[in-house]
Amino acid sequence: MWLKTLCVPLFITFICLSTSCFGSYIEDPFHSDVRQTHVYSRPTTYNQQDNVNPINNNEVWSRIDRVTLKVINVDDFGAKANGIDDSQAFKEAWELACNSSQGAIVVVPKNKIYHLKPIDFFGPCNSPLIVKIHGTIKATVHHSDYKAHGRRRWLYFVNVQNLRVEGGGIINGNGRTWWQNSCKINIALPCKEAQLNLRVAGLRIRNAQQMHLSFNKCVNVKALNLSVIAPGNSPNTDGIHVSETHNIHIKNCVIKTGDDCISVVSGSQNVQATDITCGPGHGISIGSLGARNSAAYVSNVIVNRATISDTTNGVRIKTWQVSAVQVSNVIYENNRGTSASNVALKFNCSRRFPCQEIFLQNVAITSSQEDKEHTAEASCTNIILSYRGNVFPPC
């Protein structure tokens, strides 16, 4: 999906580069949580004797389980949270953490609002990292800040393994100034194109310029307990976008945006979405796939216990009809809710390569205006599917 007229930045992007992209799912390397919640006023360290060490016996942490874990506060690098740009402080804090050989936690203090220009957070790093966002991070509102070097992103994590982002804070993309320049809002405007072992948890993400959270070429990802919110009329503001990513579990998230709650596109395998509250928006989608006759595939997707409210469609698969696209082994189970249109289930698959092994169990999505003139229906084209339990509306 493209946002128009401006080179609009992606919001939070994780580019995970690895020599092994097809490994099996492994246990979360950050299984034990960090049990501290206070704000740090100066650099410090964790020690096992303090009873706040997040390290467990997991293999990923075994090489640092007998050393201290460095805590790095962005304020100690000059971040002021006074409405002026704090990007340099965040860069320097990241560089110190990334270069630490003992493991590090980057802390963004609570009750403060930090303004950031686009930043690249590069790896590889020397040890596992945790970024604890307790306060608020806001994107610059100056469009010129994104023009340097042809930037199309805001917070950009690349080639970082064993990263955990959490803390209960807010990440605000200040997207309104971008939405008003979209050709989806103003049709008179021309249209243009707009990590291994990764955990993102406990964040409130607001008003992205475009996609809120994007995972590209990542392996072994957990996205947990996230709140992703933008107005229902904000264009192209997908909640969570998954591309060329393997073994990702999206769980217990509330997503209310102007586009797909979750979008899964080509090259993605072993995707689980569990306990998702979705809507408004376009629903939970696989695709769009196969534009311009390109080859694409998605396989092994499970959508379980989703609650869908007044979305354009409840769940959908979107492929171009003459494309070389293969979608297979997709399970929708225990999903409930309403669709803003009569088409509650939409499976639009390629004529050349029909969708295969699509399974629905205990799915009930009705029209939000259910009456004699508005009855939920399913649109099913070139699909091989099976049912179990109650499924409404049926193909």
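Both backbone and side-chain heavy atoms feed into the values below; hydrogens, waters and symmetry mates do not. Everything numeric here is computed off the predicted structure, so don't read it as measured data.
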Does the [X] side chain pair with the main chain of [Y], one donor and one acceptor, at a distance under 3.5 Å?
X      : Y      : result
Ser328 : Glu357 : no
Arg204 : Gly168 : yes
Gln209 : Gly173 : yes
Asn335 : Val303 : yes
Asn270 : Asn247 : no
His212 : Asp238 : yes
Thr381 : Cys349 : no
Thr245 : Phe215 : yes
Asp120 : Phe122 : no
Asp86  : Ala81  : yes

- Relative to the ring of Phe121, is the ring of Phe157 parallel (under 30°), tilted (30 to 60°) or perpendicular (over 60°)?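 Geometry flag for Phe121 against Phe157: parallel rings.
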
4.5 Å side-chain heavy-atom contact, [X] and [Y]:
X      : Y      : value
Arg316 : His282 : yes
Tyr156 : Val158 : yes
Val165 : Leu203 : yes
Leu345 : Cys395 : no
Trp154 : Asn174 : no

Closest contact, heavy atoms only, [X] versus [Y]:
X      : Y      : result
Thr237 : Ala230 : OG1-CB, 4.3 Å
Ile113 : Lys138 : CG2-CD, 3.5 Å
Ser100 : Ser127 : O-OG, 2.9 Å
Val74  : Ala93  : CG1-CB, 4.0 Å
Pro354 : Gln326 : O-NE2, 3.3 Å
Lys318 : Asp260 : NZ-OD2, 3.7 Å

- Task: Taking atom CG of Asn99 as the centre, report whether more than 12 heavy atoms of other residues, nucleotides or ligands fall under 6.0 Å from it.
- Result: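 Yes - once you tally the heavy atoms of other residues, nucleotides and ligands closer than 6.0 Å, there are more than 12.
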
- Query: What's the verdict on side-chain contact (heavy atoms from CB on, under 4.5 Å) for Tyr297 and Gln269, showing C-alpha distance, side-chain angles and the deciding distance?
  - Reply: CA-CA 9 Å; Tyr297 73 91; Gln269 292 182 321; 3.6 Å; yes

- Message: If the test is side-chain hydrogen bond (donor to acceptor under 3.5 Å, both in side chains), which one of Ser341, Ser367, Ser368, Ser339 qualifies with Asp310?
- Response: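 Filter result, single survivor: Ser368.
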
Distance-only donor-acceptor check, side chains [X] and [Y], under 3.5 Å:
X      : Y      : result
Asp85  : Ser87  : yes
Thr307 : Arg336 : no
Asn252 : Asp275 : no
Gln321 : Asn348 : yes

- Task: Among Ile, Leu, Val, Met, Phe, Trp and Tyr joined by side-chain contacts under 4.5 Å, find the other residues sharing a cluster with Ile302 and list them by chain and number.
- Result: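 The other cluster members (ILVMFWY side chains, heavy atoms under 4.5 Å, direct or chained) are Ile331, Phe359.
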
- Query: Can you tell me how far the CD1 atom of Ile170 sits from the OG1 atom of Thr136, to the nearest 0.5 Å?
  - Reply: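 It is 4.0 Å, given to the nearest 0.5 Å.
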
- Message: Going by disulfide bond (SG atoms under 2.5 Å apart), name the residues that satisfy it together with Cys253, two or more places apart in sequence or in a different chain.
- Response: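 Checked Cys253 against disulfide bond (SG atoms under 2.5 Å apart); zero matches.
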
